[in-house]
**Student:** 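Pasting a structure here, questions to come.
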Amino acid sequence: MQIEEIWNKSLLLIKEKVGENIFDLWFSPMKMVQIKDGQVTIEVPNRFYKEWIEDYHPNLIAEAVESTIASPVEVKYRFATKEDAALKKMDAKLENRRTKLARKGIYLNPRYTFEGFVVGPSNQFAQAAAKAVSEMPGKVYNPLFIYGGVGLGKTHLISAVGNRVIDKRSDYNVLYVSAEQFTNEVVSAIRHSRTEELKAKYRNLDLLLVDDVQFIENKTTTQEELFHTLNALYERQRQIVLSSDRPPKEIRAVTDRLRSRFSMGLIADIQPPELETKLAIIHKKAEENRMKLPDDVAYYVASKIKSNIRDIEGCLIRLGAHSSLTGSPINLSMAKTILRDFIRDEDRPLTVEFILKTVAEYFGIRLQDIKARKRTKEIAIPRQIAMYLSRELTQASLSDIGKNVGGKDHATVIYACKQIEGKRAKDENFNRMIENLIEKIKP
Ligand code: ADP
Ligand code: MG
């Protein structure tokens, strides 16, 4: 197979996985430039792309290429644009650290440090608590429980505790795990009768960081295991740090004793950032990446993106990529054009199309599938949600909404809305998901 053919086939697999929007934004600008001795070199517009991939889809490219050529590969990145020497050095340093930690089985993002975390009124309390804990692990607040909305810096902050502790105490046994991964490990340990190994792994740590702990709702066996793990660590004064998208009392369907274990130390929240904090974050990210970002553009981004800092970074990445690909500096009118699909202009009325796009992206499905007649289960619920949100948030008529989602009649739209309303009332998680979506659509 020619290199183009391999890459095109791999891209198709990637597109299937991530959906059209993400694909267009992130993967279509990439190119496979070499494949040799099991090593694949991918050219990306700049370092943002590499970082993004490593954060969100670390194995996706390798997996796609592997299934295309049926043999294992290792992926390397190369930047299309010339790199600033200082940036290159920093990059190599982070890379080094990432590999070093990974070798010890610690999958901590080396970029998530206290130095890189901008402090403002919205996150000051959580940051101070995290810092105190990293200075005296196991001695001050145990567990430390940090909660807040999507993209507000929870993973960053709890990782910063890990990075700091590893730097100061090299003999410490540190582990970062998402609650989802922990759940998988518990399930697998039970299936293969390896619960003793699991206990040995988790109960001998000095610092345990568990991210997105709300994931264990309804998972009773995992809750049991987590409870005993936390107890074992707590009794030996080992530090526990937990993150969640909501406070312990709102985590439903967990046992009372686990909920009270969550609440026994300190609970700190992260609120959505105010404009000043957003501006400070934008300037910091621009500086870190040697981006020349005019003040009016920073202000534009800060005022248009309500709270999600990940979305703010998404804007900067797009601007940086466009600027380095075209060789033209960033300015306000360019920013308005480039970010058009990313930022909703409040002056323009909300459209059904925009809602469909947002819902498709949220569920990682393709826009055309939501719009088509296709009737598979994984599409059905997102489509009903899209109908419901269109009716709630736009002026579009029922039949207009129906037309947009595979030619449904107005009775189908009404039925969909009833279904979603019912689910919202019954299922707190579902309701929260809808609220998240509304927040995305209508900041
Ligand atoms: P969460 O886990 O709450 O969803 P993350 O920790 O993943 O959010 O943060 C999303 C992105 O925003 C990350 O890239 C993170 O570095 C960045 N970020 C969040 N808060 C801050 C902050 N106060 N200063 C600098 N970067 C931040
Ligand atoms: Mg997170």
Side-chain angles (χ1 to χ4, degrees), residues 11-28 149-151 214 217-218 245 252-253 304-308 311 314 337 339-443:
L11 282 177
L12 281 180
L13 295 174
I14 292 172
K15 191 169 186 170
E16 211 141 81
K17 275 259 167 69
V18 301
E20 198 151 4
N21 292 331
I22 293 188
F23 180 84
D24 286 347
L25 177 55
W26 296 103
F27 292 93
S28 58
V150 181
Q214 77 279 351
E217 274 189 333
N218 291 315
D245 66 356
R252 312 227 173 259
K304 289 291 181 184
I305 304 268
K306 198 179 161 213
S307 65
N308 191 326
D311 287 349
T337 320
L339 302 179
R340 200 178 38 214
D341 299 334
F342 212 74
I343 292 180
R344 209 182 63 77
D345 193 340
E346 261 115 58
D347 310 330
R348 266 188 302 171
L350 196 55
T351 61
V352 175
E353 178 79 16
F354 182 82
I355 291 178
L356 294 179
K357 240 166 120 173
T358 313
V359 171
E361 190 160 307
Y362 187 88
F363 288 101
I365 54 185
R366 296 186 305 179
L367 178 60
Q368 69 217 51
D369 287 346
I370 273 208
K371 288 171 134 182
R373 273 172 196 279
K374 209 166 160 181
R375 296 182 66 158
T376 55
K377 207 170 141 234
E378 58 191 318
I379 308 287
I381 297 276
R383 190 188 278 139
Q384 283 192 339
I385 291 175
M387 289 190 247
Y388 169 78
L389 292 173
S390 299
R391 187 169 88 161
E392 293 288 307
L393 304 175
T394 73
Q395 308 291 325
S397 69
L398 293 172
S399 67
D400 272 345
I401 295 173
K403 262 186 227 145
N404 268 293
V405 290
K408 304 262 187 286
D409 58 18
H410 79 281
T412 311
V413 181
I414 292 177
Y415 176 76
C417 295
K418 286 235 169 73
Q419 291 290 104
I420 301 300
E421 267 160 22
K423 277 209 178 83
R424 280 190 81 169
K426 270 200 306 253
D427 181 343
E428 181 53 31
N429 276 330
F430 186 86
N431 184 43
R432 198 177 293 274
M433 175 181 80
I434 299 290
E435 277 168 11
N436 260 330
L437 265 164
I438 294 176
E439 169 79 12
K440 271 194 183 309
I441 292 165
K442 220 181 151 186

**Student:** Taking all non-hydrogen atoms of both residues into account, name the closest pair between Gly151 and Asn308 and its distance.
**Tutor:** CA-OD1, 3.4 Å
**Student:** I'd like to know if the side chain of Arg383 reaches the main chain of Ala372, judged simply by a donor and an acceptor atom lying under 3.5 Å from each other, with no hydrogens or angles considered.
**Tutor:** yes
**Student:** Enter the distance from Ile414:CD1 to Leu398:CG here, rounded to the nearest 0.5 Å.
**Tutor:** 5.0 Å
**Student:** Give me each pair satisfying salt bridge (charged side-chain N to carboxylate O under 4.0 Å, His left out) with a member in residues 394-410, each pair once, sequence neighbours excluded.
**Tutor:** Asp400-Lys403
**Student:** For Val359 versus Pro382, what's the shortest heavy-atom pair and its separation?
**Tutor:** CG1-O, 3.5 Å
**Student:** For residues 429-438, which side-chain donor-acceptor pairs fall under 3.5 Å, sequence neighbours excluded?
**Tutor:**
| from | atom 1 | to | atom 2 | distance (Å) |
| --- | --- | --- | --- | --- |
| Asn429 | OD1 | Arg246 | NH1 | 3.0 |
| Asn429 | OD1 | Arg246 | NH2 | 3.4 |
| Asn429 | ND2 | Glu217 | OE1 | 2.7 |
| Asn431 | OD1 | Arg424 | NE | 2.7 |
| Asn431 | OD1 | Arg424 | NH2 | 3.2 |
| Asn431 | ND2 | Glu435 | OE2 | 3.4 |
| Arg432 | NH2 | Glu250 | OE1 | 3.4 |
| Arg432 | NH2 | Glu428 | OE2 | 3.4 |

**Student:** Within the structure provided, determine whether Lys423 and Ile381 are in side-chain contact (heavy-atom separation under 4.5 Å).
**Tutor:** yes
**Student:** Roughly how far, to the nearest 0.5 Å, is the CD1 atom of Ile385 from the CD1 atom of Ile355?
**Tutor:** 12.0 Å
**Student:** Rounded to the nearest 0.5 Å, how far does CD of Gln395 lie from CG of Leu350?
**Tutor:** 9.5 Å
**Student:** Looking at CD1 of Ile401 and OH of Tyr388, how far apart are the two atoms once the value is rounded to the nearest 0.5 Å?
**Tutor:** 12.0 Å
**Student:** Under the side-chain hydrogen bond (donor to acceptor under 3.5 Å, both in side chains) test, which residues partner Glu353, sequence neighbours left out?
**Tutor:** Lys371
**Student:** Just verifying a value: how many Å separate Asp311 CG and Leu339 CG, rounded to the nearest 0.5 Å?
**Tutor:** 11.5 Å
**Student:** Nearest 0.5 Å please: distance from the CZ atom of Arg366 over to the NZ atom of Lys15.
**Tutor:** 7.5 Å
**Student:** For residues Met387 and Cys417, report the shortest heavy-atom separation together with the two atoms involved.
**Tutor:** O-SG, 4.3 Å
**Student:** Side chains of Leu11 and Phe23: closer than 4.5 Å at any heavy-atom pair?
**Tutor:** yes
**Student:** How close do Val352 and Ser390 get, counting heavy atoms only, and between which atoms?
**Tutor:** CG1-OG, 3.6 Å
